[in-house]
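Side chains are part of it too, since the values below use all heavy atoms of this structure and drop only hydrogens, waters and symmetry mates. Keep in mind that what you see is a predicted model, and the values were worked out from it rather than measured. Numbers here simply count residues along the sequence, with the first being 1.
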Amino acid sequence: MKEHEEHLKNVQALKLLEQQEKHYQKNLNLINDLRKAIIYRYCNQTIIN
């Protein structure tokens with residue numbers, strides 16, 4: 001019975017890690033999008049001015 005409980009805890013821990021990984025990847029994508037937007041805006045402003 002103890003092995004089953006340990007297994008369930010491990011499965012839950014893996015699910016949590018997967019959720020955190022997805023969240024981390026989403027944040028990285030948002031950061032990259034913001035970086036692109038800032039660079040795009042900066043480049044357009046320097047060309048216009």
- Taking side-chain hydrogen bond (donor to acceptor under 3.5 Å, both in side chains) as the test, write out the residues that go with Asp33, two or more places apart.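 Here no residue qualifies.
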
- Are a donor atom and an acceptor atom from the side chains of Asn32 and Arg35 found within less than 3.5 Å of each other?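 Yes.
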
Donor-acceptor contacts, no H, no angles, side chain residues 13-30, under 3.5 Å, sequence neighbours left out:
from: His23; atom 1: NE2; to: Asn27; atom 2: ND2; distance (Å): 3.4
from: Asn29; atom 1: ND2; to: Gln25; atom 2: O; distance (Å): 3.4

- With Leu8, which of Glu5, Gln12, His4 fulfils side chain to side chain contact (heavy atoms under 4.5 Å, CB included)?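 Exactly one pass, corresponding to His4.
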
